[in-house]
Amino acid sequence: MSRERDPLGLSPHWHVDLRLVAELPEDNVVGKRFLTNVVFSAVAVGVMLFTGWIGYQNWTLRHLIADWEKRIADNRPEVADIKHMQQEYAVESAKIDQAYALVKPQLFVSGFVIDLGRTRPEQMVIDTIEWTEAGIMVRGNVRENSQRAATLLGTYTKQLVQDKKIGPLFREIALTSLDRGAGSGDLLNFELTFRLKAPKP
């Protein structure tokens, strides 16, 4: 009769498992340590590239600044000459302005005649414009009866005083004569006097 095998008995081929599982290398295809190294290496390379780019930009900027400073230094004498010429021109311009202020006419005749033509009523005819020491005399005639002519010329005189181009030039604008000349029929002769303001010192 065969003896039953003892389950606790040792087989003829056995050995003690002496492996230290915690110290064995990983058996994964890509290890965690490798992935960690790759990530940190990529970050380090990126930082190095970024630092290199910043350094290159800094070097380029310094080079440009040095170049422009050299150009400025080279052109400094010309700039000084230009500033000196500008000062001379400013002095000469001030002299010209002073001379013009001394000889500037109070009134431009062409502008005065144009303004008279602009404001003149249709019924009024201007015959002469005379400039004397007393002022400017404007003589002419109006083809109206005496009352209407007086009203028309009075209104026109007030209009001239209030006109923005004529009024400020004179201290007084007055109707100094209004008469019907001999043999003039229905024509009424008038004289307007424009007295200039005293010139400013």
Side-chain angles (χ1 to χ4, degrees), residues 1-120 158-171 196-201:
M1 177 172 159
S2 64
R3 198 171 29 176
E4 293 181 3
R5 186 175 175 204
D6 184 4
L8 297 177
L10 297 175
S11 63
H13 306 288
W14 68 275
H15 62 87
V16 179
D17 188 2
L18 299 176
R19 292 179 301 170
L20 300 175
V21 178
E23 295 181 8
L24 290 176
E26 295 180 9
D27 56 355
N28 296 336
V29 176
V30 180
K32 293 179 181 178
R33 184 177 297 172
F34 176 77
L35 290 176
T36 304
N37 290 338
V38 167
V39 170
F40 280 104
S41 297
V43 171
V45 169
V47 170
M48 288 177 62
L49 290 174
F50 180 73
T51 305
W53 173 252
I54 294 296
Y56 174 74
Q57 292 285 354
N58 186 29
W59 177 81
T60 304
L61 186 60
R62 287 176 184 272
H63 181 70
L64 288 174
I65 291 172
D67 184 46
W68 280 108
E69 286 179 348
K70 183 178 180 300
R71 291 187 184 186
I72 291 171
D74 292 343
N75 294 328
R76 192 165 285 129
E78 294 180 11
V79 173
D81 290 342
I82 291 172
K83 287 183 178 179
H84 182 67
M85 291 173 61
Q86 286 176 339
Q87 291 175 351
E88 290 180 353
Y89 286 142
V91 171
E92 295 301 321
S93 175
K95 290 179 183 178
I96 292 171
D97 290 340
Q98 289 175 355
Y100 177 74
L102 291 174
V103 300
K104 176 185 176 184
Q106 290 180 268
L107 178 69
F108 290 101
V109 177
S110 59
F112 178 67
V113 172
I114 289 172
D115 289 332
L116 281 180
R118 174 179 54 84
T119 57
R120 179 188 63 84
K158 291 179 183 177
Q159 179 185 348
L160 291 173
V161 171
Q162 296 173 356
D163 190 84
K164 293 181 180 179
K165 290 186 177 180
I166 296 177
L169 299 174
F170 303 96
R171 61 182 170 85
L196 289 167
K197 291 182 177 179
K200 296 181 180 179

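As the structure is a prediction and not an experimental result, all values here were calculated from the model. Positions are given from 1 along the sequence.
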Work out which heavy atom in Ala73 is nearest to a heavy atom in Pro77; give both atom names and the distance. O-CD, 3.8 Å
Which pairs count as salt bridge (Lys or Arg N to Asp or Glu O under 4.0 Å) when at least one residue sits in residues 63-80, sequence neighbours excluded? Asp67-Arg71, Lys70-Asp74
Grab the two heavy atoms, one from Leu160 and one from Ile166, that are nearest each other, plus how far apart they are. CD2-CD1, 3.6 Å
Ser41 side-chain N/O to Asn37 backbone N/O, donor-acceptor pair under 3.5 Å: yes
Pairwise distance CH2(Trp68) to CG(Asn75) - rounded to 0.5 angstrom: 9.5 Å
Nearest 0.5 angstrom please: Leu64 CG to Trp59 CH2, how far? 9.0 Å
By side-chain contact (heavy atoms from CB on, under 4.5 Å), Lys165 pairs with (sequence neighbours left out) Asp115, Arg118, Asp163
Would you compute the distance between atom CG of Leu49 and atom CD1 of Ile54 and round it to the nearest 0.5 angstrom? 12.0 Å
For the atom pair CE (Met85) and NZ (Lys83), what is the distance rounded to the nearest 0.5 Å? 14.5 Å
